[in-house]
> 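My questions all concern the structure below.
Letters go in sequence order (proteins before strands), and every chain restarts at 1.
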Amino acid sequence: MTEREVRVRFAPSPTGPLHIGGVRTALYNYLLARKLGGKMLLRIEDTDQNRFVPGAEEYILEALAWCGIVIDEGVGVGGPHAPYKQSERKPMYKQYADQLLADGHAYYAFDTPEELDAMRARLQAAKVPNPQYNSITRTQMRNSLTLPEDEVKGLLDSGMPYVIRLKVPRKEEVRFQDLIRGWVVVHSSAIDDKVLMKSDGMPTYHLANIVDDHLMEISHVIRGEEWLPSAPLHVLLYRYLGWEKTMPQFAHLPLLLKPDGTGKLSKRDGDRLGFPVFPLEWRGIDAETGEPTLSRGYREDGYLPEALVNFLAFLGWNPGSQQEIFSMDELIQAFSIERVSKSPAKFDQNKVKWFNEHYLRAKPNAELAPYLLKALEEQNILCSPARAEQIVSVMKERVSFPQDFWQEAQYFFQAPGSYDEAVVSKKWNPQVSAALAAYADALPGTSEMTAEDLKARFSQTMEAQGLKTGQVLQLLRVAVTGRAAGPDLFETLAILGPTEVAARLRVAITTLG
RNA sequence: GGUCCGUUCGUCUAGGGGUUAGGACAGUAGAUUUUCAUUCUACCAACAGGGGUUCGAUUCCCCUACGGACUACCA
């Protein structure tokens, strides 16, 4: 067999914001495509018109772009197999269903939803272990296998609603090799006669998926484990359509679980535990109450995309080395499907936060400064980019998110309105007050002074006052910034400048006595 | 219920017939920073249980337990 071009696809359905688990699936697809020099496609699976959510498609595109996942072909970029949205490919599917029909691998079924419910109820009452529409029960239903040919024709001609179902063989082992799990074997009796074409003329996921993957020449299907049970059905479809030789390879990814307890990670967990489960913020409408809803996003919560991507990559995969920090390019180099683990992973909020802090600290000040500048602009505070860079430079070691810069650095722009109570009541006294007054007097009336000089002047002053610097240091911070903690004190004073520092000290001395 | 998948520190995981079972996050302690944070160091902490196979099993096999997914004219 000749080497086939690697083509993978991410195929979400536009039923709402993209779940973080979906982002990881997209990421793994992308990493494999890039690693193997292949193509990454994006296909929108919107065959269920009832579940269409406005804005979801745009959301998916924006989320992937934010994460740095580049689509080579598909929705949003086009390509040789356009259209890439299944609703726009509707006319293409019928012929394949017809082919299956003609070959005796599918049949028409006219059962109403009520009849189907009744059938399941009957089977359940009879304690049938696995109630389903299958090789046994189909003989008792209204379909082209049980009805006389002319009656079927009549029903079809009369416009009677119908579906097309796959005729799954009664006794047959269906097997395929999963790249992550090895051989998976399922007996055909466990698979039911899945609907291929719905009564509204749209294909179901099962048919559309196989047809599109084949037409788009997909080489690897990488998707969540929730698809594992239906994979044998898909294998059957490839076989009946005559496409088995070019059937893609399957890889079923382990699921992402809630951080506490067990179970699949869901939107509710994010709300309950206070962390986002979506890459971007999403404003939706509650399906039940009709109330507008707001779901938090990693982007809006201050996570850097490279941190999220690095974290997500490690949820179910590892390079086998001790290295933890990976850029997208490094991930591409290191990635291999064989090293994806089989077992599900719990979502760890601490770890994402740690990755974020890491990437924040690694970022150049010039890239961080805009975050602070933006907050300042909202507050109508003027600040030069150079000064903002100085501030983020001393601040970035101690924050977790970009929005913390403004929160933690306010005192660079506003004199403190109050002073840390605990420190003042414990350490403030007339001697300290006098010493700080002396320091204020010792500062030159200039706007600039280095941290070293500021420190030297402070030491000299304290010595002259007969105090140890350690006794006064924290009070100096409180008097100037109002806070008990912060970045290097003399760096802080240097950014403020001696004039401002002296002024603030005098206010503090007046206020605190 | 049935089918399928899974199970190494609290979490993400490495490893693999003989190892002091390794790393990271979190936690704890110490050092540095005459403050807090950062950083550094140390500590804590795991092979679900039971049977086999074997000289030897955490590793291979079986069973049990537990967890999960699926079981729609949803994807």
> Heavy atoms under 4.0 Å, any strand shown: does A:Arg51 hit a base, just sugar-phosphate, or nothing?
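Base: the residue A:Arg51, judged by heavy atoms under 4.0 Å, touches a nucleobase.
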> Applying a 4.0 Å non-hydrogen cut-off, can you work out what A:Gly316 is touching in the nucleic acid: base, sugar-phosphate, or nothing?
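Since only primed, P, OP1 and OP2 atoms lie under 4.0 Å of A:Gly316, the category is sugar-phosphate.
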> What is the nucleic acid contact for A:Asp488, judged by heavy atoms within less than 4.0 Å: base, sugar-phosphate only, or nothing?
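Base contact.
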> Should the heavy atoms of other residues, nucleotides or ligands under 6.0 Å from CD of A:Glu367 be counted, would the total exceed 12?
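Correct, the count exceeds 12.
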> Just how far, in rounded Å, is C1' of B:rA14 from NZ of A:Lys342?
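Spelled out: NZ on A:Lys342 to C1' on B:rA14 is 14 Å.
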> Please give, in whole Å, the distance from B:rG27 P to A:Gln349 CD?
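Computing the A:Gln349:CD to B:rG27:P distance gives 13 Å.
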> Do A:Arg138 and A:Tyr133 meet the cation-pi criteria used here (NZ or CZ under 6.0 Å from the six-membered ring centre, within 45° of the axis)?
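No, a cation-pi geometry is absent between A:Arg138 and A:Tyr133.
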> Rounded off to whole Å, could you give me the CD-to-C1' distance for the A:Gln132 and B:rU71 pair?
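Taking atom C1' of B:rU71 as the reference, CD of A:Gln132 is at 8 Å.
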> Reckon A:Thr204 has a side-chain N or O less than 4.0 Å from the OP1 or OP2 of B:rC74?
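So the side chain of A:Thr204 is outside the cut-off, no N or O lying under 4.0 Å from OP1 or OP2 of B:rC74.
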> Check this one for me: any side-chain N or O of A:Lys264 less than 4.0 Å away from OP1 or OP2 of B:rG6?
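For A:Lys264, the contact criterion (side-chain N or O under 4.0 Å from OP1 or OP2 of B:rG6) is not met.
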> With respect to the phosphate group of B:rU11, does any side-chain polar atom (N or O) of A:Lys346 fall under 4.0 Å of OP1 or OP2?
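Checking B:rU11 against A:Lys346, a side-chain N or O does come within under 4.0 Å of OP1 or OP2.
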> Applying a 4.0 Å non-hydrogen cut-off, can you work out what A:Ser343 is touching in the nucleic acid: base, sugar-phosphate, or nothing?
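The residue A:Ser343 makes sugar-phosphate contact but no base contact.
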> Determine the Euclidean distance between corresponding P atoms of B:rG15 and B:rC9; express it in Å to zero decimal places.
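Result for the P pair: 16 Å, nearest Å.
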> Are A:Arg51 and A:Asp48 ion-paired here, with the side-chain N under 4.0 Å from a carboxylate O?
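A salt bridge is present here (some side-chain N lies under 4.0 Å from a carboxylate O).
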> Reckon A:Arg120 has a side-chain N or O less than 4.0 Å from the OP1 or OP2 of B:rG2?
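Looking at the OP1 and OP2 atoms of B:rG2, neither is under 4.0 Å from any side-chain N or O of A:Arg120.
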> So what does A:Ile191 touch, heavy atoms closer than 4.0 Å: a base, only the sugar-phosphate, or nothing?
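Since no nucleic acid heavy atom lies under 4.0 Å of A:Ile191, the category is nothing.
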> So does A:Lys267 have more than 12 non-hydrogen atoms from other groups sitting under 6.0 Å from NZ?
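Yes, the 6.0 Å shell around NZ holds more than 12 heavy atoms from other groups.
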> When all nucleic acid strands are considered with a 4.0 Å heavy-atom cut-off, which category describes A:Asp348: base, sugar-phosphate, or nothing?
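Touches a base.
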> Once you apply the 3.5 Å cut-off to both distances, tell me the Watson-Crick or G-U wobble partner of B:rU54, or none.
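Paired with no nucleotide.
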> Using the C1' atoms only, state how far B:rC70 lies from B:rU64, rounded to an integer number of Å.
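B:rU64 and B:rC70 have their C1' atoms separated by 23 Å.
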> Under 4.0 Å, heavy atoms only, any strand: does A:Asp111 hit a base, just the sugar-phosphate, or nothing?
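Base contact - A:Asp111 has a heavy atom under 4.0 Å of at least one base atom.
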> Please walk me through it: do A:Lys363 and A:Glu306 pass salt bridge (Lys or Arg N to Asp or Glu O under 4.0 Å)?
CA-CA 11 Å; A:Lys363 256 202 191 319; A:Glu306 49 270 57; 2.8 Å; yes
> Looking only at atom P, what distance separates B:rA46 and B:rA21, rounded to whole Å?
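Comparing P positions in B:rA46 and B:rA21 gives a spacing of 11 Å.
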> Contact class for A:Glu324 (heavy atom, under 4.0 Å): base, sugar-phosphate, or nothing?
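It contacts base atoms.
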> In whole Å, measure the gap between the P atoms of B:rU28 and B:rU38 for me.
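12 Å, rounded to whole Å.
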> Taking atom C1' in both B:rG68 and B:rU58, what distance in whole Å separates the two?
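These two C1' atoms come out 23 Å apart once rounded.
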> Scan every strand shown for a Watson-Crick or G-U wobble partner of B:rU20, both distances under 3.5 Å, and answer none if you come up empty.
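Partner of B:rU20: none found under 3.5 Å.
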> Given B:rC25, B:rA75, B:rA14, identify the nucleotide with an atom nearest to the side chain of A:Trp354.
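When the side chain of A:Trp354 is considered, B:rC25 is the closest of B:rC25, B:rA75, B:rA14.
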> Measure CG/A:Asn318 against P/B:rG22 and give the value in whole Å, please.
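That distance rounds to 17 Å.
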> Considering only side-chain heavy atoms of A:Arg361, which listed nucleotide, B:rG68, B:rU39, B:rC73, is closest?
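The closest nucleotide is B:rU39.
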> Please classify the nucleic acid contact of A:Arg223 as base, sugar-phosphate, or nothing, using heavy-atom distances under 4.0 Å.
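Here A:Arg223 touches no strand at all.
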> Go through B:rA75, B:rG68, B:rC73 for me and flag the one nearest to the A:Val195 side chain.
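Looking only at heavy atoms from C-beta outward on A:Val195, the closest nucleotide is B:rC73.
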> Between A:Lys455 and A:Asp453, is the closest basic N to carboxylate O distance under 4.0 Å?
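Not counted as a salt bridge, because no side-chain N and carboxylate O are separated by less than 4.0 Å.
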> With under 30° as parallel and over 60° as perpendicular, where do the rings of A:His206 and A:His234 fit, or are they tilted in between?
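Rings of A:His206 and A:His234: tilted, 30 to 60°.
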> According to a strict under-4.0 Å criterion, is A:Thr47 in side-chain N/O contact with OP1 or OP2 of B:rA75?
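So the side chain of A:Thr47 is within the cut-off, an N or O lying under 4.0 Å from OP1 or OP2 of B:rA75.
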> Under 4.0 Å between a side-chain N/O of A:Arg165 and OP1 or OP2 of B:rC73, yes or no?
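Answer is yes, contact under 4.0 Å.
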> Which heavy atom of A:Val168 sits nearest a heavy atom of A:Asp193, and at what distance?
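Closest pair (atom of A:Val168, atom of A:Asp193, distance): N-OD1, 3.2 Å.
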> With a distance cut-off below 6.0 Å to the six-membered ring centre and an angular limit of 45° from the axis, does A:Arg339 pair with A:Phe335 as a cation-pi contact?
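No cation-pi geometry.
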> Does B:rA65 pair with anything, Watson-Crick or G-U wobble, both distances under 3.5 Å, and if so, with which nucleotide?
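Partner of B:rA65: B:rU7.
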> With sugar-phosphate meaning primed atoms plus P, OP1 and OP2, does A:Ser341 contact a base, only sugar-phosphate, or nothing at under 4.0 Å between heavy atoms?
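Sugar-phosphate contact only.
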> Closest-nucleotide mapping onto RNA chain B: is A:Leu228 or A:Gly320 further toward the 5' terminus? I mean the 5' end.
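Per heavy-atom nearest nucleotide, the more 5' residue is A:Leu228.
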> Among the nucleotides B:rC5, B:rC70, B:rC25, which one has an atom lying closest to any side-chain atom of A:Arg181?
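So the nucleotide nearest the side chain must be B:rC5.
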> Paired with B:rG1: which nucleotide, if any, by Watson-Crick or G-U wobble criteria at under 3.5 Å for both distances?
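Matched B:rG1 with B:rU71 under the 3.5 Å cut-off.
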> Using atom P in both nucleotides, what's the gap between B:rU7 and B:rU41 to the nearest angstrom?
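The same atom, P, in both gives a distance of 33 Å.
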> Between B:rC25 atom P and A:Asn356 atom CG, what is the distance in whole Å?
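Between P of B:rC25 and CG of A:Asn356: 15 Å.
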> Would you mind classifying the nucleic acid contact of A:Val128 as base, sugar-phosphate or nothing, using non-hydrogen atoms under 4.0 angstrom?
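The residue A:Val128 makes no contact with any strand.
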> Between A:Phe110 and A:Val186, name the one whose nearest nucleotide on RNA chain B is closer to the 5' end.
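Its nucleotide being nearer the 5' end, the pick is A:Val186.
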> Answer with base, sugar-phosphate or nothing: what part of the nucleic acid does A:Ala345 contact at a heavy-atom distance below 4.0 Å?
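Counting heavy atoms under 4.0 Å across all strands, the contact made by A:Ala345 is with sugar-phosphate only.
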> Look at the side chain of A:Lys351 against the base of B:rA24 and say whether a donor-acceptor pair falls under 3.5 Å; ignore hydrogens and angles.
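Checked by distance alone, the answer is yes.
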> With a non-hydrogen cut-off below 4.0 angstrom, is A:Lys427 in contact with a base, only sugar-phosphate, or nothing?
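Result for A:Lys427 = nothing.
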> Mind calculating the distance between CZ (A:Phe347) and P (B:rU11) to the nearest angstrom?
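It is 16 Å, rounded to the nearest whole Å.
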> For B:rC74, take OP1 and OP2 only and decide whether either is under 4.0 Å from a side-chain N or O of A:Lys198.
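For B:rC74, OP1/OP2 do have a side-chain N/O of A:Lys198 under 4.0 Å.
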> Could you measure between the two P atoms, the one in B:rU20 and the one in B:rC25, and give it in whole Å?
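Between the two P atoms, the distance is 26 Å.
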> May I ask you to say whether A:Arg89 pairs ionically with A:Asp212, meaning some side-chain N is under 4.0 Å from a carboxylate O?
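Counted as a salt bridge, because a side-chain N and a carboxylate O are separated by less than 4.0 Å.
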> Closest approach to the side chain of A:Pro344, judged atom by atom: which nucleotide of B:rA75, B:rG6, B:rA37 is it?
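The nucleotide sitting nearest to the side chain is B:rG6.
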> Who is the Watson-Crick or G-U wobble partner of B:rA31, with both distances under 3.5 Å?
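Matched B:rA31 with B:rU39 under the 3.5 Å cut-off.
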> Which whole-number value in Å describes the distance from A:Phe176 CZ to B:rC5 C1'?
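From A:Phe176 CZ to B:rC5 C1': 10 Å.
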> Take the protein atom CG of A:Leu18 and the nucleotide atom C1' of B:rA75, then report the distance between them rounded to whole Å.
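The distance from CG of A:Leu18 to C1' of B:rA75 comes to 13 Å, rounded to the nearest Å.
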> For nucleotides B:rC62 and B:rA75, find the distance between their P atoms and express it as a whole number of Å.
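My reading of the P atoms in B:rC62 and B:rA75 gives 36 Å.
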